[in-house]
Amino acid sequence: MHGVLSKSANLINLIGTSKMSSLAFKTLAVSVPKEFVYHVKLNRPEKRNAFNHEMWLEIKDCFQKISDDENCRAVVLSGEGKLFTSGIDLTSFLQQGAEAGQHEDPTRKAKVLSKLIQLYQESMSSLELCKKPVLAAIHSACIGAGVDLITAADIRYCTKDAYFQVKEVEVGLAADVGSLQRLPKVIGSDSLTRELCYTSRKMHADEALTCGLVSKYFTLSNSEMKSNDGFYICNVQDAPDEVRFKEAPKSPVKKIPRYCRALRRIHFSDKILIIDNEKYFTLSNSEMKSNDGFYINNVQDAPDEVRFKEKVKFADKILVWCAISEAVVSQPFIGRVRGEALNADNYVDRYLTRLVQFLNTHHPNDEIIFWPDLASCYYARRTTDWLTAQNVNFVPKRNNPPNVPHARHIEEFWSVLSRMVYNSGWEAQNEDQLNRRILETIRKQTGKKFLNQLNLQSEDIVKAATAQLTKDPNVVFAKL
């Protein structure tokens, strides 16, 4: 059997060397993993496989050559790197559009753009016109021009974490190189096509399977799919031992407790742990399920205010920030949110300055360690430089384990406070009422009641936090 495999490998190599010279591209990688099967990869991983002008040309050239290649009977199309494709490369697109911008006459501009659009349409259509079946294997994100591309394929598979997004509307373009023409036919719904193109929302793998965009989806991640890449065999008993008995990589989730133990041993030993965080509070707690706590067998029997309750897309909300240590909780900061995202600048100016005041007041002579969240603004260059300049000892990002909110006791603090604020379905009529409700909740809770609802590992932390909340309810108000 090893001899058979060796001969098969030699045959594949022979085919590859005879035809690959004519299929050498800069933005595509073409290989022959199995006899008569060609594998075409979008190969700009450093640019998330974005479509530049050269890739458009090479896709057309590649599939026209494969169509007439007698050694090819099927084509697998995939993407190299973290995702399938991020869509059109706007930098390259603008460079191509600069030629049209040189003309003042709208007719001449339209003529130049018409040639460019026609070229791109022909590039996508090359998959459809290819005489060999084209199977698209999509992982992670398939955005914009990627949807144009896969709708021209014969068969589409994806991973469970994949999503599809017609994103042209967000940059003022029409998806006129394939999506608008082929997507209605593929999924069989003009209404759904318009929804996807008008809203540019994400369609995830389960919905893509339901509507017929893909035939199947697989739970394997991209890295797992690559583990036996290029190895195909009908009988597993004929596979070499190094393939049959190769151990699957251990899940990184199982390593989290070990990371946390190392974190505590290296950074938390003999130091006072400081954690900060922020939470958004809405008028009606819309981050929770809209019908939370309402159960009924027949939806027709539900009250109209439940059945027809609309979810607000951009609900009014306020932001509450505080820092917590093993001894005290800082004075909370409450601010109104007006569509401004949290970034390094306002994180440093609004919150870390208060963190330093908190440390100077309650831990002036203590050896502390600050444990930030893993959000990008927490480890931005300005943030880390500022913390270093203020002599605040913090956990380096390389030692900060992901996905451990259960280990950060401030998360439990927010959970309990949220349940108290929205107790019995309470809703605020305006932001000022919500502000007062949060303050009253902090003031009115007795230490025993608050302690009973918190479930932390250290009772000392809970007692100290409870005492600080009930004794020092002063809040700093600000408008973001």
Side-chain angles (χ1 to χ4, degrees), residues 23 25-28 30 40-44 47-68 75 77-79 84-101 103 106-136 138 141-156 164-190 192-194 196-198 200 203 213:
L23 295 175
F25 304 101
K26 292 183 179 180
T27 64
L28 303 175
V30 184
V40 179
K41 284 185 179 181
L42 307 180
N43 193 31
R44 297 186 73 210
K47 297 293 183 181
R48 299 293 191 265
N49 295 327
F51 282 66
N52 62 358
H53 186 68
E54 189 172 18
M55 180 180 283
W56 292 99
L57 297 177
E58 290 187 347
I59 288 175
K60 178 182 177 181
D61 186 27
C62 176
F63 281 92
Q64 285 180 342
K65 290 180 178 179
I66 288 177
S67 181
D68 297 326
V75 185
L77 173 66
S78 67
F84 182 75
T85 178
S86 60
I88 192 170
D89 188 332
L90 291 177
T91 302
S92 175
F93 181 76
L94 292 175
Q95 291 174 352
Q96 296 301 317
E99 181 181 350
H103 302 282
T107 304
R108 294 183 181 275
K109 287 183 179 180
K111 185 177 180 180
V112 174
L113 290 176
S114 177
K115 291 182 180 180
L116 184 64
I117 294 172
Q118 184 177 359
L119 175 63
Y120 290 173
Q121 288 176 339
E122 291 174 354
S123 177
M124 299 293 98
S125 297
S126 64
L127 278 71
E128 188 175 55
L129 298 175
C130 183
K131 300 172 185 176
K132 314 300 168 59
V134 179
L135 189 153
I138 303 104
C142 178
I143 300 172
V147 180
D148 297 310
L149 182 67
I150 65 167
T151 52
D154 298 288
I155 303 172
R156 290 164 293 276
F164 306 85
Q165 191 172 15
V166 184
K167 208 172 178 64
E168 282 83 350
V169 68
E170 293 192 359
V171 291
L173 298 175
D176 55 356
V177 293
S179 292
L180 294 177
Q181 295 83 355
R182 297 187 179 93
L183 194 56
K185 179 181 177 181
V186 170
I187 65 179
S189 173
D190 179 72
L192 181 56
T193 300
R194 290 175 185 270
L196 295 172
C197 293
Y198 293 167
S200 73
M203 173 187 281
L213 180 59

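We're numbering straight along the sequence, starting at 1.
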*Enter the distance from C62:SG to L77:CG here, rounded to the nearest 0.5 Å.*
9.0 Å

*Applying side-chain contact (heavy atoms from CB on, under 4.5 Å), run through I59 and L127 and close with a yes or a no.*
CA-CA 8 Å; I59 288 175; L127 278 71; 3.9 Å; yes

*Could you check R44 against M55 for side-chain contact (heavy atoms from CB on, under 4.5 Å), going step by step and ending with a plain yes or no?*
CA-CA 9 Å; R44 297 186 73 210; M55 180 180 283; 3.7 Å; yes

*What is the minimum heavy-atom distance between D176 and Q181, and which atoms define it?*
O-NE2, 3.2 Å

*State whether the side chain of N49 and the backbone N or O of F84 hold a donor-acceptor pair below 3.5 Å, judged by distance alone.*
yes

_Between CD1 on residue I143 and CD on residue E168, distance to nearest 0.5 Å_ = 10.5 Å

*Any chance you could measure L196, atom CG, to F164, atom CZ, to the nearest 0.5 Å?*
11.0 Å

_Set out, in order, the CA-CA distance, both residues' side-chain angles and the distance that settles side-chain contact (heavy atoms from CB on, under 4.5 Å) for L42 and L28, then state yes or no._
CA-CA 5 Å; L42 307 180; L28 303 175; 3.7 Å; yes

_Once ring pair (Phe, Tyr, Trp, His ring centres under 6.0 Å) is applied, do any residues pair with F51, and if so which ones, sequence neighbours excluded?_
W56

*Which atom of I138 lies closest to which atom of R156, heavy atoms considered*: CD1-CB, 4.3 Å

*asked:* How close do S200 and E170 get, counting heavy atoms only, and between which atoms?
replied: OG-OE2, 2.7 Å

*Of the non-hydrogen atoms in E54 and K26, which two are nearest, and what is the gap between them?*
OE2-CD, 3.0 Å

*Which is it for L149 and T85 under the side-chain contact (heavy atoms from CB on, under 4.5 Å) test, yes or no, and what are the steps along the way?*
CA-CA 10 Å; L149 182 67; T85 178; 6.0 Å; no

*asked:* So, applying side chain to side chain contact (heavy atoms under 4.5 Å, CB included) with N52, which one of L90, T91, D89 is it?
replied: D89

_Would you compute the distance between atom NZ of K65 and atom SG of C130 and round it to the nearest 0.5 angstrom?_
13.5 Å

*Looking only at heavy atoms, what is the nearest atom pair of V166 and C197, with distance?*
CG1-SG, 3.9 Å

*asked:* Would you say that I66 contacts V40 through its side chain, given a criterion of any heavy-atom pair below 4.5 Å between the two side chains?
replied: yes

*With sequence neighbours left out, what residues match D148 under salt bridge (charged side-chain N to carboxylate O under 4.0 Å, His left out)?*
none

*asked:* Which heavy atom of V186 sits nearest to which heavy atom of T151, and what is that distance?
replied: CG2-O, 4.1 Å

_As an exercise, state the distance from CG of L192 to CZ of R194, rounded to the nearest 0.5 Å._
12.0 Å

*Would a 4.5 Å heavy-atom cut-off, applied to side chains only, mark Y120 and H53 as touching?*
yes

*Measure from the side-chain N and O atoms of S67 to the backbone N and O of F63, and report whether any donor-acceptor pair falls under 3.5 Å.*
no

*Sidechain-backbone polar pair: E58 side chain, T27 backbone, donor-acceptor under 3.5 Å*: yes

*Would you call K132 and D154 a salt bridge, taking side-chain N to carboxylate O under 4.0 Å as the test?*
no

*Can you list the residues that meet the salt bridge (charged side-chain N to carboxylate O under 4.0 Å, His left out) rule with R182, with sequence neighbours excluded?*
E128

*So how far is it from E122 CD to L57 CG, rounded to the nearest 0.5 Å?*
10.5 Å

